[in-house]
Amino acid sequence: MSQLRIAEVFGPTIQGEGALIGEPTVFVRTGGCDYRCAWCDSMHAVDPAFRHDWASMSTDAVWQEVQRLSDNTPLTVSLSGGNPAIQDFAPLIQLGHAAGYRFACEAQGSIAKPWFGQLDCLVLSPKPPSSGETVDWAAFDRCVAAGETAAQTVMKIVIFDDADYNWARDAATRYPQLPLYLQPGNDEVDPSVAVDPQALADKLLWLVDKTMADRWFTPRLLPQLHVLLWGNKRGV
Ligand SMILES: C[S@@+](CC[C@H](N)C(=O)[O-])C[C@H]1O[C@@H](n2cnc3c(N)ncnc32)[C@H](O)[C@@H]1O
Ligand SMILES: Nc1nc2[nH]cc(C(=O)O)c2c(=O)[nH]1
Ligand code: SF4
Ligand SMILES: [Mg+2]
């Protein structure tokens, strides 16, 4: 079986974002990303400076760790990163499904993988202008197509400012078939600095006010629940 490059496996905790918010989840965070978002909250899984902290693990070793953390009790496993789409998770998904586990994946939509079609939930998160990245929509289309046989595919967009909001409106028009989730950006991502809960709430209020004023009733607006509970602490 193929080796996987893993930054961390942690949980069980609750999914803090998007469609599966609140759901008990074990996270498998891969190392390595083809993007460098200006505000990435997981640089320890992106920047090769942290590669010495990443482990080369067999699919079996990752599966053993998921089972250990969950006490062999089936739950949802979220594949995140970095970009998990760089790697081959088909064998892990197959092992987990056979034991009753469910699989979600968070990816930016730059690389499509056939195993997207085996997922219980594919979360595609195209990056708005504030990230400094430019979306390749042809690649994003390939991701949506690869996820066609997934139980569900949703789009989640992080919003920092007006330009991001306007960009999200265009992205939503492109993919009317995908349920849409908006989450305000967290501009304090240093794990050694405490987050300001009022600042996070103000960001969400700004987004709610704007969306309601525009009578844009398509997206669901959610905070990053885990950031409200634990700040930028890792492994939760
Ligand atoms: C760390 S990324 C890993 C998965 C994948 N690379 C992606 O970006 O979708 C997981 C989620 O966190 C979001 N995210 C990253 N930094 C954030 C920040 N500072 N504030 C809010 N959301 C953030 C991303 O947009 C993505 O939806
Ligand atoms: N609790 C919790 N929820 C999350 N939702 C998305 C996360 C991620 O970094 O991919 C994440 C995370 O790291 N922790
Ligand atoms: S795509 Fe995701 S993991 Fe990669 S830099 Fe952007 S937010 Fe971070
Ligand atoms: Mg995160």
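Nothing here was measured: the structure is a model prediction, and the numbers come from that model. Computed from heavy atoms alone, side chains included, the values below leave out hydrogens, waters and symmetry copies. Note that ligands are numbered from 1 as they come in the structure, with each ligand's atoms numbered from 1 the same way.
- A donor-acceptor contact closer than 3.5 angstrom links the side chains of Gln198 and Asp202.
- Of the protein's heavy atoms, Phe27 CE2, 3.8 Å lies nearest to atom 7 (C) of ligand 2.
- Applying the 4.0 Å criterion to heavy atoms of Gln108 picks out, from ligand 1, the atoms 5 (C), 6 (N), 7 (C), 9 (O).
- Where the criterion is an N or O separation shorter than 3.5 Å, residue side chain and backbone included, Ser42 fails it with respect to ligand 1.
- Annotation for ligand 1: atoms under 4.0 Å from non-hydrogen atoms of Glu17 are 11 (C), 12 (O).
- The shortest non-hydrogen separation linking Trp115 to Gln87 is NE1-O, 3.0 Å.
- Residue-ligand proximity, Val236 to ligand 2, at heavy-atom distances under 4.0 Å covers atoms 1 (N), 2 (C), 12 (C), 13 (O), 14 (N).
- Every heavy atom of Trp230 sits 4.0 Å or more from the atoms of ligand 2.
- In Gln64, the CD atom is crowded: over 12 heavy atoms of neighbouring residues, nucleotides or ligands sit closer than 6.0 Å.
- With hydrophobic clusters built from ILVMFWY side chains whose heavy atoms lie under 4.5 angstrom apart, Ile21 shares a cluster with Tyr181.
- In terms of heavy-atom proximity, Phe140 sits nearest to Met155 at CZ-SD, 4.0 Å.
- Protein heavy atom at the shortest distance from atom 10 (O) of ligand 2 is Ser80 OG, 2.6 Å.
- Ring centers of Phe160 and Trp167: at least 6.0 Å apart, outside the cut-off.
- Nearest heavy atom pair, residue Phe50 against residue Met43, reads CD1-O, 3.6 Å.
- Thr30 places a side-chain N or O within donor-acceptor distance of the main-chain N or O of Ser80, the cut-off being under 3.5 Å.
- Taking CD1 of Ile86 as the start and CG of Leu4 as the end, the distance is 12.0 Å to the nearest 0.5 Å.
- Among all protein heavy atoms, the one lying closest to atom 7 (C) of ligand 1 is Lys127 NZ, 3.5 Å.
- Of all atoms in ligand 1, numbered sequentially from 1 with element shown, those under 4.0 Å from a heavy atom of Glu106 are 4 (C), 5 (C), 10 (C), 11 (C), 27 (O).
- Residue contacts with ligand 1 include Gly82, since one or more of its heavy atoms lies under 4.0 Å from the ligand.
- Within ligand 1, counting atoms from 1 as listed, the ones closer than 4.0 Å to a heavy atom of Ser125 are 9 (O), 25 (O), 26 (C), 27 (O).
- Each of the atoms 16 (N) of ligand 1 lies under 4.0 Å from some heavy atom of Cys40.
- When hydrogens are left out, the protein atom nearest atom 15 (C) of ligand 1 is Asp41 OD1, 3.3 Å; that is the closest non-hydrogen contact.
- Heavy-atom distances between Arg29 and ligand 2 reach below 4.0 Å in at least one pair.
- For ligand 1, the atoms closer than 4.0 angstrom to any heavy atom of Gly185 are 20 (N), 21 (C).
- Here is the list of ligand 1 atoms found below 4.0 Å of a heavy atom in Val189: 19 (N).
- A salt bridge between Arg36 and Glu133 is absent, with no side-chain N of the basic residue lying under 4.0 Å from a carboxylate O of the acidic one.
- With ligand atoms numbered from 1 in the order given, ligand 1 contributes 27 (O) to contacts under 4.0 Å with heavy atoms of Lys156.
- In this structure, atom 3 (N) of ligand 2 lies nearest to the protein heavy atom Gly16 N, 3.0 Å.
- With a 4.0 Å heavy-atom cut-off, ligand 1 is reached by the backbone of Ala107 but not by any atom from C-beta on.
- In terms of protein heavy atoms, atom 5 (N) of ligand 2 is closest to Gln15 OE1, 2.6 Å.
- Among protein heavy atoms, the minimum distance from atom 1 (N) of ligand 2 is reached at Ile14 O, 2.8 Å.
- Judged by distance alone, the side chain of Ser58 and the main-chain N or O of Ala61 form a donor-acceptor pair under 3.5 Å.
- From Tyr175, atom OH reaches atom CG of Asp141 across 3.5 Å, with rounding to the nearest 0.5 Å.
- When non-hydrogen atoms are compared, ligand 1 lies under 4.0 Å from the backbone of Asn186 as well as from its side chain.
- Of the listed residues (Ser130, Gly16, Gly81), the one carrying the non-hydrogen atom nearest atom 3 (C) of ligand 1 is Gly81.
- Defined by atom type and a distance below 3.5 Å, a donor-acceptor pair is missing between the side-chain atoms of Gln15 and Glu23.
- Atom 21 (C) of ligand 1 has Gln224 OE1, 3.4 Å as its closest protein atom, hydrogens excluded (heavy atom only).
- The protein non-hydrogen atom at the shortest distance from atom 13 (C) of ligand 1 is Gln183 NE2, 3.9 Å.
- Relative orientation of the Trp63 and Tyr101 rings is perpendicular, given thresholds of 30° and 60° on the angle between their planes.
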